[in-house]
**Q** 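Here you go, one structure.
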Amino acid sequence: MRPNIVTEAGISTRLNQWWSSTPFITSGVTIICAAIYLVCLLIGYDSYAEICFLPSAVASHFQVYRFYTSVLFHGSLLHVLFNMLTFVPLGTELERIMGSVRLLFLMFLLATTNAIFHLIVAFLVDYNPLYHVSYLVDECSIGFSGVIFSMIVIETSLSGVQYRSVFGLFNVPAKWYAWILLILFQFLASNVSLLGHLSGILSGFAYTHGLFNYLLPGPSFYSSIEGLSMLSVCVRRPGFILCTGGTTYGQLPTHSNMSTPPSSLINANFLRNISSWMPSRRTSTVQTSTNQEQEDPRFPGRGRTLASTGTEPTAREASANLHARHAAANTVRADATVTADQTDTFDEELKKLVGMGFERTQAEVALAAADGDPNVAIEILMSQQD
């Protein structure tokens with residue numbers, strides 16, 4: 001009997017550790033979706049036509065609320081269970097990289113753009129002159145899976161992996177991972193919204209290619225929300241992750257991340273990015289000059305990369321700061337330059353974690369979430385393995 005007791009205690013402990021390691025927004029969205037389904041189940045609510053995403057109703061009656069109610073409601077226990085089990089690891093990884101408030105805004109943006117893409121494609125297919133397919137504008141869809149498909153594309157882009165495993169059966173190129181899942185779900189499951197999932201993939205690629213850059217607020221927006229007194233209880237919770245400080249891990253598109261004017265979006269570089277389907281991973285730098293200083297929104301304040309140890313600034317930085325103080329007494333601008341030495345330090349710490357037996361992608365995410373501290377990264381990796 002004793003081994004069985006130990007096994008049961010181990011399972012409950014593992015579940016508790018898994019849930020306690022889930023960040024604030026990810027766990028909150030999971031609880032909200034599960035609670036909405038349980039309430040609907042208890043009161044016998046099944047009028048999904050009133051809250052689902054219905055393109056014809058949105059267009060004719062301007063029922064914009066369907067953009068968001070359709071995301072939170074689910075049609076069955078398996079529906080909400082599968083979506084949340086898929087969302088928790090994705091949301092956990094993205095929230096550790098982006099921060100809690102930034103992830104919440106991202107999901108709001110993805111829900112909005114998914115609905116817009118859904119509308120555009122549905123009416124284009126319905127009113128095309130070649131062949132009319134009218135059922136798409138009258139298709140009623142609910143569920144969080146559209147946002148999940150967008151997050152799959154974004155997380156795949158940030159991870160930088162070359163291949164992804166499909167249900168542990170076979171590996172596919174990472175840039176085709178979302179498309180393979182889209183096709184498989186159409187064959188393996190019934191009543192699956194092809195257009196809803198396709199819209200999620202389109203939104204994910206639009207985000208990773210920087211098409212939403214001018215829709216994303218700057219770091220001051222997130223800092224102001226984190227500083228609200230009414231949210232102080234949430235901010236103090238252990239699972240809440242601040243957006244300030246930024247991270248060099250992956251490419252996080254921002255409203256001012258692009259060095260080109262809006263009119264140059266449609267150029268050769270943009271077309272090359274679209275043809276590659278996934279953005280290239282480059283080390284972010286800030287170009288400074290005597291006439292213009294540009295601060296990367298991912299690095300608010302003084303530049304401190306993942307590999308820095310909090311040492312005193314160099315003589316060059318001190319001279320630049322002194323010159324800035326004399327030039328503008330009320331303005332202090334700090335450089336956020338990612339130096340080659342700091343990048344090498346991050347790579348060295350990553351190699352040490354890989355040498356300890358951790359998987360490279362997980363080690364890189366953990367090291368980024370730990371702000372370059374290898375000890376904290378090891379704790380994160382060990383908690384994931386427990």
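Starting from 1, each residue takes its place in the sequence as its number. Keep in mind it's a predicted model, so treat the numbers as computed, not measured.
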**Q** Decide yes or no on side chain to side chain contact (heavy atoms under 4.5 Å, CB included) for L136 and F123, but give the supporting numbers first.
**A** CA-CA 8 Å; L136 290 178; F123 280 98; over 6 Å; no
**Q** Can a cation-pi geometry be assigned to R164 and Y177, taking NZ or CZ under 6.0 Å from the six-membered ring centre and within 45° of the ring axis?
**A** yes
**Q** Could you list all the disulfide bond (SG atoms under 2.5 Å apart) pairs where at least one residue sits in residues 88-147, not counting sequence neighbours?
**A**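 Residue pairs passing disulfide bond (SG atoms under 2.5 Å apart), neighbours aside: C52-C140.
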**Q** CD1/I36 to CD1/I51 distance, rounded to the nearest 0.5 angstrom?
**A** 9.0 Å
**Q** With distance as the sole test, does H61 use its side chain to make a donor-acceptor pair with the main-chain N or O of A57 at under 3.5 Å?
**A** no
**Q** Does a side chain donor of either N114 or S203 reach within less than 3.5 Å of an acceptor in the other side chain?
**A** yes
**Q** So, taking the atom named CG in L124 and the one named CG in L119, what distance separates them when rounded to the nearest 0.5 Å?
**A**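 Going from the CG atom of L124 to the CG atom of L119 covers 10.5 Å.
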**Q** Can you classify the ring geometry of F105 versus F108 as parallel (below 30°), tilted (30 to 60°) or perpendicular (above 60°)?
**A**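 F105 vs F108 ring planes: tilted.
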**Q** Going by the side chain to side chain contact (heavy atoms under 4.5 Å, CB included) test, name the single residue among T208, L94, V153 that passes it with L158.
**A**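 Among T208, L94, V153, the one meeting side chain to side chain contact (heavy atoms under 4.5 Å, CB included) with L158 is L94.
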**Q** Could you walk me through whether F24 and C234 pass side chain to side chain contact (heavy atoms under 4.5 Å, CB included), step by step?
**A** CA-CA 8 Å; F24 180 74; C234 298; 3.7 Å; yes
**Q** Taking the ring of F144 and the ring of H74, is the distance between their centroids below 6.0 Å?
**A**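 Ring centres of F144 and H74 not closer than 6.0 Å.
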**Q** If I take atom CZ from residue R96 and atom OG1 from residue T26, how far apart are they, to the nearest 0.5 angstrom?
**A** 9.0 Å
**Q** If you count heavy atoms of other groups shown closer than 6.0 angstrom to CZ of F62, is the number above 12?
**A** no
**Q** Treating Ile, Leu, Val, Met, Phe, Trp and Tyr as nodes and any side-chain heavy-atom pair under 4.5 angstrom as an edge, say whether F149 and I142 lie in one connected cluster.
**A**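 No, it is not one cluster - the side chains of F149 and I142 are not joined through contacts under 4.5 Å.
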**Q** Do L72 and L78 share a hydrophobic cluster (ILVMFWY, side-chain heavy atoms under 4.5 Å, transitive)?
**A**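 Looking at the clustering, L78 is in a separate group from L72.
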**Q** Under the side chain to side chain contact (heavy atoms under 4.5 Å, CB included) criterion, do M98 and I154 qualify, and how do the steps go?
**A** CA-CA 12 Å; M98 297 181 174; I154 295 172; 4.2 Å; yes
**Q** Out of curiosity, does V101 fall in the hydrophobic cluster containing M107 (side-chain heavy atoms, cut-off under 4.5 Å, transitive links)?
**A** yes
**Q** Tell me whether the count of non-hydrogen atoms from other residues, nucleotides or ligands lying under 6.0 Å of OH in Y45 goes above 12.
**A** yes
**Q** With rounding to the nearest 0.5 Å, note down the distance linking CG in L202 to CZ in F117.
**A**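 Rounded to the nearest 0.5 Å, the CG-CZ separation comes to 5.5 Å.
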**Q** Step through the shown structure and confirm whether more than 12 heavy atoms of other residues, nucleotides or ligands are within 6.0 Å of OH on Y135.
**A**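 Counting neighbours around OH of Y135, 12 or fewer heavy atoms of other residues, nucleotides or ligands fall under 6.0 Å, so no.
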**Q** Please examine the side chains of H79 and Y37, heavy atoms only from C-beta on, and report whether any two atoms are closer than 4.5 Å.
**A** no
**Q** Less than 3.5 Å apart, any donor N or O on the side chain of T112 or Y68 sitting next to an acceptor on the other?
**A**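 The criterion, which ignores hydrogens and geometry beyond distance, is satisfied for Y68 and T112.
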**Q** Does R102 qualify as a cation-pi partner of Y222, given the criterion of NZ or CZ under 6.0 Å from the six-membered ring centre and within 45 degrees of its axis?
**A** yes
**Q** Can you confirm whether N128 is buried at CG, in the sense that more than 12 heavy atoms of other residues, nucleotides or ligands lie under 6.0 Å from that atom?
**A** yes
**Q** Are the side chain of E155 and the backbone N or O of E93 linked by a donor-acceptor pair below 3.5 Å?
**A**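 Not at all, since once roles are kept as given, no pair shorter than 3.5 Å links the two residues.
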**Q** What is the ring orientation for F82 with F185, classed by angle as parallel under 30°, tilted 30 to 60°, or perpendicular over 60°?
**A** perpendicular
**Q** Does L103 belong to the same Ile/Leu/Val/Met/Phe/Trp/Tyr cluster as L231, with side-chain heavy atoms less than 4.5 Å apart forming each link?
**A**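 Looking at the clustering, L231 is in the same group as L103.
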**Q** Roughly how far apart are S100 OG and L242 CG, rounded to 0.5 Å?
**A**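 It is 7.5 Å, given to the nearest 0.5 Å.
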**Q** At what distance, to the nearest 0.5 angstrom, does OG of S141 lie from CG of L195?
**A**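 Atom-to-atom, S141:OG and L195:CG are 7.5 Å apart.
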**Q** Side chain to side chain contact (heavy atoms under 4.5 Å, CB included) between V58 and L54: does it pass, once the steps are laid out?
**A** CA-CA 6 Å; V58 174; L54 189 61; 5.6 Å; no
**Q** Is I148 linked to V172 within one hydrophobic cluster, defined over Ile, Leu, Val, Met, Phe, Trp and Tyr using a side-chain heavy-atom separation of less than 4.5 Å?
**A**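 Yes, because I148 and V172 connect within a single hydrophobic cluster, where side-chain heavy atoms sit under 4.5 Å apart.
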